[in-house]
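The block underneath contains the structure these notes are about, expressed in structure tokens.
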Amino acid sequence: MDWALIAGSFVVAIVVGLTGMGGGALMTPMMMLFFNVPPLAAVSSDLVASAVMKPVGSVVHLRRGTVNLRLVGWLCAGSVPAAFCGVFLARAFAVSDAVKYALGVALLLAVAGMALKSWLGARGGTSTAHDIVVRPIPTLLVGTVGGLVVGVSSVGSGSLIIVALLVLYPALKANQLVGTDLVQAVPLVTAAALGHLLYGDFQLDLTLSLLIGSIPGVYLGARISSRAPGGLIRAMLAIVLLASALKLLDVSNTLTVWALLAATAVTVVGWRLRVRAAAQASSGSTDLEPAR
């Protein structure tokens, strides 16, 4: 057992349950950058661990009614077969460092998607999970693209698909997005994990260490997520993902530092503007209340 890896997976799993961010966006880069795990082995072991970890957080949201099962069905119709096909692409890429670079690009897309989600998130959140009218064709396409990316890089089940859900269904509340995304990720990640068990580079010792830390972590994160927003955590997480992406793409340390400083400055300014806007909106609604 690798106790450092267990501790790292516990922290990552809390973030997964709290924000709906897929574990691959953090777990796979963590194994590659800090534990020198080969790219295909990291992807394979992380997906197998996620196939066990995802249902734990999903059960919490199903019990609390923050899941749209019809939406889950259309997503899975596209994502499950696409994820299995993505494994064959990952196997073809494994002859070089293309898996590593594909993961870096996927993380950059995840950061951009999280920024878009943060911008759009303030406009939605008025409906219940069961009142949303599902749009079958766009949802099916989202599942297909997301499944393909997950099969190749293990990234996308939360970091990309949850952003696409917010664009398609902006009325969903934050905890409803997280709950629906976690449930749809169960069959998606299972299909990708099965493909990697057959054709990838699965390593049992890595997977066991990930599971020991991940199962209690994702349960704790999901318990918190079902009651509280995670806006500030997502902002900090985006900076961490940006750093991981740049290192995976072999960007120099100087450029990485400048990019992180710029991202931090943008995050701080954006956070202060949102807090100020919220305060002004609260003040305005109080002024409109009739005198008693």
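Quick caveat: nothing in here was measured; it's all calculated off a predicted structure.
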Q.
With clusters defined by side-chain heavy atoms of hydrophobic residues (ILVMFWY) lying less than 4.5 Å apart, directly or transitively, does V105 cluster with V251?
A. yes
Q | Where A51 and V189 come nearest, the two heavy atoms and their spacing | A | N-CG1, 3.4 Å
Q: Kindly compute the distance separating CG (L140) from CG (L75), expressed to the nearest 0.5 Å.
A: 8.5 Å
(Q) Show the nearest heavy-atom pair for residues M31 and A42, with the distance to one decimal. (A) CE-O, 3.2 Å
What pairs of donor and acceptor atoms, side-chain ones from residues 8-15 against any protein atom, are under 3.5 angstrom apart with sequence neighbours left out?
residue : atom : partner : partner atom : Å
S9      : OG   : L5      : O            : 3.2
S9      : OG   : I6      : O            : 2.8
S9      : OG   : L210    : O            : 3.4

Q.
For L211 and V48: C-alpha separation, side-chain torsions, deciding distance, then whether side-chain contact (heavy atoms from CB on, under 4.5 Å) applies.
A. CA-CA 9 Å; L211 286 174; V48 175; over 6 Å; no
Q: Give the cluster check for Y169 versus V142: same hydrophobic cluster or not, with ILVMFWY residues linked at side-chain heavy-atom distances below 4.5 Å.
A: yes
Q: State the CG-OG1 distance between L242 and T256, to the nearest 0.5 angstrom.
A: 8.0 Å
Q: Determine, stepwise, if the pair N68 / W74 fulfils side-chain contact (heavy atoms from CB on, under 4.5 Å).
A: CA-CA 11 Å; N68 187 310; W74 279 106; over 6 Å; no
Q) Between atom OG1 of T190 and atom CG of L47, what is the distance when rounded to the nearest 0.5 Å? A) 10.0 Å
Q: Could you tell me the separation between the OG atom of S79 and the CG atom of L148, rounded to the nearest 0.5 Å?
A: 11.0 Å
Q. Do V186 and V183 sit in the same hydrophobic cluster, where Ile, Leu, Val, Met, Phe, Trp and Tyr count as joined when their side-chain heavy atoms come under 4.5 Å apart?
A. no
Q) Considering all heavy atoms of both residues, which atom of P81 and which atom of C76 are nearest to each other, and what is their separation? A) CD-O, 4.0 Å
Q. Same cluster or not: are L197 and L208 linked, directly or through other Ile, Leu, Val, Met, Phe, Trp or Tyr residues, by side-chain heavy atoms under 4.5 angstrom apart?
A. yes
Q) For G147 and L188, which heavy atoms make the closest approach, and how far apart are they? A) CA-CD1, 3.6 Å
Q | Hydrophobic cluster partners of I137 (side-chain heavy atoms under 4.5 Å) | A | L141
**Q.** Residues, nucleotides or ligands: over 12 heavy atoms within 6.0 Å of F34 CZ
**A.** no
Q. Looking only at heavy atoms, which two atoms of A82 and G78 are closest? And how far apart?
A. CB-O, 3.3 Å
**Q.** Min side-chain heavy-atom separation V87-L198 under 4.5 Å
**A.** no
Q | Spacing of M27 atom CE and L206 atom CG [to the nearest 0.5 Å] | A | 11.5 Å
Q: Determine whether L71 and T139 make a side-chain contact, defined as any pair of heavy atoms from C-beta on separated by less than 4.5 Å.
A: yes
Q. Given V43 and H196, is the side-chain contact (heavy atoms from CB on, under 4.5 Å) satisfied, shown in steps?
A. CA-CA 8 Å; V43 172; H196 277 274; 3.6 Å; yes
(Q) Just verifying a value: how many Å separate L249 CG and L255 CG, rounded to the nearest 0.5 Å? (A) 12.0 Å
